[in-house]
Q: 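The structure that follows is given in the form of structure tokens.
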Amino acid sequence: MRRGGDGATGMPAPNEAGGTPAPSLRPIVEGWRVQRRVIGALILRELHVRFGRRNLGYLWLFAEPLLLGLAISTVHALRDRGLGPRSTVSVFAFFAIGYSLYYMFRAIVGRSTGCLAGSRPLLYHRIVTPLDMVSARHLLEGAACTVVVILMSFAVAAVEGLVPDDPMKMLVAVLLMMWLCHGLALLVAAGAERWEIVDRLTHPLIYLQLPFSGVFFLVDWLPGPLQELALYNPTVHIFELLRDGQFGENVNTTYDLAYVVGFAMAFHFLGLCAMRAVRPHMLME
Amino acid sequence: MGLELIDVRKTYRVRGGGVREVLRGVNAHIRRGQAVGILGRNGAGKSTLLRILAGVELPSSGVVRRTMSISWPLGFGAAFQPALTGADNVRFIARIYGKPVDRTLGLVESFAELGEYLRMPLASYSSGMRSRLAFAVSLAIDFDCYLVDEAIAPGDARFNQRFRDAFAERARRSALILVTHSPTTVRTYCTSAAVLDGGVLTFYEDLDEALATYNAL
């Protein structure tokens with residue numbers, strides 16, 4: 001007797017030919033049109049569920065990361081007036097923009113654990129796939145954080161008179177972060193739906209990786225042997241790129257974009273497989 | 001234009017490593033214009049079959065071929081988001097199925113007769129109100145085939161009459177698949193019937209024959 005899709009191996013259930021709800025069976029253009037429509041509707045729904053229908057509710061999407069980012073960078077700026085080797089940059093500017101980008105990681109990966117469970121009623125509509133549910137959230141969080149990074153850049157320019165050296169590099173850093181988080185969050189969302197332990201471990205792990213993420217340091221500031229170690233983490237490269245765009249010649253940065261893209265592609269691919277594999281395990285009452 | 005099942009099987013793994021076979025090779029071909037009642041005892045796998053027909057659950061093996069648009073399984077309030085208002089739920093459903101939002105909402109407003117409840121969170125609805133909303137939206141979306149799970153009580157007598165009328169009007173271009181354990185419901189809505197027993201679905205041309213078989217189970 002065949003024992004249907006073993007979630008542990010991450011493979012989809014045996015027979016997908018049957019009732020596959022995937023738009024992928026339609027011509028690609030039609031599928032893309034449907035998916036765009038569904039994701040658009042999901043984004044509006046997400047806004048309504050999270051912020052209600054009062055007009056200013058949506059502002060919290062930006063206000064929360066802005067307030068947190070400003071508070072954290074102010075605290076750091078007050079504490080570390082002279083940063084020794086770091087004194088070439090403004091502490092406030094360093095943390096304000098860095099933390100805004102880090103917030104995207106927290107918002108997308110951290111919130112991904114409950115996403116599928118919270119959207120279960122939507123499964124009654126065949127054209128809504130788990131991938132749509134998760135992607136809609138990621139787009140919303142990603143776009144909000146991009147706006148926050150831009151607003152923060154203006155704030156820094158206004159307060160410190162520090163204009164970004166190369167905004168394009170910063171934008172690329174933001175987009176890479178979004179891509180990396182998207183793939184990783186697909187994996188986490190599928191995993192959390194399948195095994196409770198993933199849900200439990202994600203939050204402490206996100207908290208624990210904060211010091212290693214690159215948001216608080218430049219690789220250049222680390223002692224020699226640690227530099228190499230830090231560069232194994234793809235988010236460190238992203239923050240280095242962000243700082244290069246922000247401070248230009250004032251700092252020494254090290255990054256390898258191909259390395260980040262490789263990670264993002266691997267996460268994305270595995271994440272898509274996981275989304276497919278988890279669907280048969282999402283039972284409805 | 002139809003809905004075809006070929007040797008559809010569905011097994012669930014149960015706690016302790018066992019396997020429960022709910023559907024053991026179901027074959028069916030349903031076309032527009034048909035109103036089929038599927039009768040079965042509690043736990044016979046009716047709702048599972050309906051979810052597979054709707055494409056929201058995959059069969060373990062076998063083929064489901066859909067060449068007409070098919071509604072989600074109606075009767076469940078579960079297809080809605082409880083925190084949102086009825087109107088917002090309607091807007092969302094209109095959007096995902098690509099229907100004009102305002103027109104759909106207008107149709108639902110006049111059909112469901114929920115009054116000001118339409119602007120209240122779904123969590124405050126009674127189960128009758130939820131199913132009224134579900135039927136109203138699905139009629140507004142205008143599917144080729146309606147899947148109805150009668151396990152959850154539909155609206156009151158007045159609304160049932162409206163649904164019957166609305167359905168009679170589109171009977172020739174739409175299909176209805178109604179899952180129930182009530183012979184009366186089948187007589188009211190359906191032109192043919194099938195009995196689901198032991199994981200196998202048997203179709204009967206004649207309603208009386210189907211009901212007699214079902215009553216003898």
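Because the structure is a prediction, the values reported are computed rather than measured. Residue numbering restarts at 1 for every chain, and letters A, B, ... go by the order of the sequence lines.
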Q: Taking distance alone, no hydrogens or angles, what donor-acceptor pairs closer than 3.5 Å link side-chain atoms of residues 180-188 of chain A to residues at least two apart or in another chain?
A:
unit_1, atom_1, unit_2, atom_2, d
A:His182, ND1, A:His138, ND1, 2.8

Q: Can you establish whether the number of heavy atoms outside B:Tyr117 located under 6.0 Å from its atom OH is more than 12?
A: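 At most 12 heavy atoms, drawn from other residues, nucleotides or ligands, come within 6.0 Å of this atom.
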Q: Within a 6.0 Å radius of atom CD on A:Gln209, are there more than 12 heavy atoms belonging to other residues, nucleotides or ligands?
A: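 Yes - once you tally the heavy atoms of other residues, nucleotides and ligands closer than 6.0 Å, there are more than 12.
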Q: Sequence neighbours excluded, which residues qualify as side chain to side chain donor-acceptor pair (under 3.5 Å) partners of A:Arg33?
A: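 Testing A:Arg33 for side chain to side chain donor-acceptor pair (under 3.5 Å), a comparison that skips the adjacent residues, returns A:Glu30.
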Q: So which part of A:Leu42 gets closer than 4.5 Å to some heavy atom of chain B, the side chain, the backbone, both or neither?
A: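 A:Leu42 touches chain B through backbone and side-chain heavy atoms alike.
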Q: Can you pull the salt bridge (charged side-chain N to carboxylate O under 4.0 Å, His left out) pairs that have at least one residue in residues 261-274 of chain A, sequence neighbours excluded?
A: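 Checked against salt bridge (charged side-chain N to carboxylate O under 4.0 Å, His left out) - neighbours excluded - no pair reaches residues 261-274 of chain A.
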Q: Which residues from residues 90-114 of chain B are near chain A, with near meaning under 4.5 Å between non-hydrogen atoms?
A: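 Under the 4.5 Å heavy-atom cut-off, B:Arg91, B:Phe92, B:Ile93, B:Arg95, B:Ile96, B:Tyr97, B:Gly98 qualify.
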Q: Does A:Arg200, at its CZ atom, have more than 12 non-hydrogen atoms belonging to other residues, nucleotides or ligands within less than 6.0 Å?
A: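 Not more than 12 within 6.0 Å, no.
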Q: Other residues, nucleotides and ligands only: do more than 12 of their heavy atoms fall within 6.0 Å of CZ on A:Phe154?
A: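 Open: at most 12 neighbouring heavy atoms sit under 6.0 Å from CZ of A:Phe154.
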Q: Find the distance between CG (A:Leu122) and CH2 (B:Trp72) and round it off to the nearest 0.5 Å.
A: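 Reported to 0.5 Å precision, the distance equals 12.0 Å.
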Q: Enter the distance from A:Arg279:CZ to B:Glu57:CD here, rounded to the nearest 0.5 Å.
A: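 A:Arg279 atom CZ to B:Glu57 atom CD measures 7.5 Å (nearest 0.5 Å).
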Q: State the CG-CG distance between B:Leu84 and A:Leu44, to the nearest 0.5 angstrom.
A: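 Going from CG on B:Leu84 over to CG on A:Leu44, the span is 11.0 Å.
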Q: Quick check: does any side chain N or O of A:His125 sit under 3.5 Å from a backbone N or O of B:Ala79, one acting as donor and the other as acceptor?
A: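 Present.
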Q: Please round to the nearest 0.5 Å and tell me the distance separating atom CG of B:Leu53 and atom CZ of A:Arg126.
A: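 It comes to 11.0 Å.
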